[in-house]
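Here the structure is laid out as structure tokens; the discussion comes afterwards.
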Amino acid sequence: MAESVKDQVIAIIAEQAVLEVEDVKMDASLNDLGIDSLGLVESIFAIEEAFDISVPFNANDPKASDFDISSVASVVGAVEGLVADQKA
């Protein structure tokens, strides 16, 4: 059975945070998990590669992006939306 988008995104975030997957909580911010700006950029690249999508994220001004990185749940939701848009 193929991994869900949620499971893959959580695995990517866990890898960047050097945590076990079960330690990544949906309501945690990436900062709470210890992911710095470089780790965030690496996470975005990994997500783009894993799903063959382009994430609308501006590393120079993350708050100006349409990609919500406020929590793990928001990242998962945003990626699910991008994947759905790609399939449409």
Side-chain angles (χ1 to χ4, degrees):
M1 184 174 156
E3 279 187 297
S4 71
V5 170
K6 175 183 170 185
D7 291 341
Q8 286 180 278
V9 170
I10 289 173
I12 289 167
I13 291 171
E15 182 178 341
Q16 286 301 318
V18 192
L19 294 170
E20 296 297 323
V21 170
E22 55 270 9
D23 293 332
V24 177
K25 305 300 178 208
M26 293 296 285
D27 61 344
S29 73
L30 300 183
N31 196 39
D32 291 341
L33 298 174
I35 297 178
D36 61 9
S37 58
L38 181 59
L40 174 60
V41 171
E42 290 293 325
S43 297
I44 298 296
F45 286 151
I47 288 168
E48 288 181 328
E49 187 174 308
F51 298 102
D52 193 27
I53 58 175
S54 179
V55 174
F57 179 75
N58 181 347
N60 294 323
D61 190 5
K63 291 185 182 355
S65 299
D66 289 334
F67 193 74
D68 185 358
I69 58 167
S70 60
S71 69
V72 173
S74 65
V75 172
V76 169
V79 172
E80 287 173 336
L82 290 170
V83 170
D85 288 348
Q86 181 188 45
K87 291 180 181 177

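What's counted below: heavy atoms across the whole structure, side chains too, no hydrogens, waters or symmetry copies.
- Open room surrounds CD on Glu20; 12 or fewer heavy atoms of other groups in view lie less than 6.0 Å from it.
- In the displayed structure, Glu15 atom CD is contacted under 6.0 Å by at most 12 heavy atoms of other residues, nucleotides or ligands.
- To the nearest 0.5 Å, atoms CG (Leu30) and OG (Ser37) are separated by 11.5 Å.
- Contact check for Val75 versus Asp68: no side-chain heavy atoms found under the 4.5 Å cut-off.
- Here the side chains of Met26 and Lys6 are in contact, with some heavy-atom distance below 4.5 Å.
- In terms of heavy atoms, Asp27 sits closest to Ser71 at O-CB, 4.2 Å.
- Considering CD1 of Ile69 and CG of Asn31, their distance stands at 9.5 Å, rounded to 0.5 Å.
- Between Ala17 and Leu33, the shortest heavy-atom distance links the atoms CB-O, 3.4 Å.
- Annotation: the span from Gln16 atom CD to Ile44 atom CD1 amounts to 10.0 Å, rounded to 0.5 Å.
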Identify every side-chain donor-acceptor pair in residues 47-54 under 3.5 Å, counting partners at least two apart or on other chains, and give the distances.
{"unit_1": "Glu48", "atom_1": "OE2", "unit_2": "Val55", "atom_2": "N", "d": "2.8"}

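- When hydrophobic clusters are built by joining Ile, Leu, Val, Met, Phe, Trp and Tyr residues whose side-chain heavy atoms come closer than 4.5 Å, directly or via intermediates, Val83 is grouped together with Val9.
- Within the 4.5 Å cutoff, no side-chain heavy atoms of Phe67 are placed close to those of Asn58.
- Connection of Val72 to Val21 is established within a shared hydrophobic cluster, with ILVMFWY side chains joined at heavy-atom distances below 4.5 Å, either directly or through further cluster members.
- Under the rule for a side chain to side chain donor-acceptor pair (under 3.5 Å), the partners of Ser29 that lie at least two apart in sequence or sit in another chain are Asp32.
- In this structure, CG in Asp23 is found 13.5 Å from CD1 in Ile13, a value given to the nearest 0.5 Å.
- Within 6.0 Å of atom CG in Asp85, more than 12 heavy atoms from other residues, nucleotides or ligands are found, so the atom counts as buried in its surroundings.
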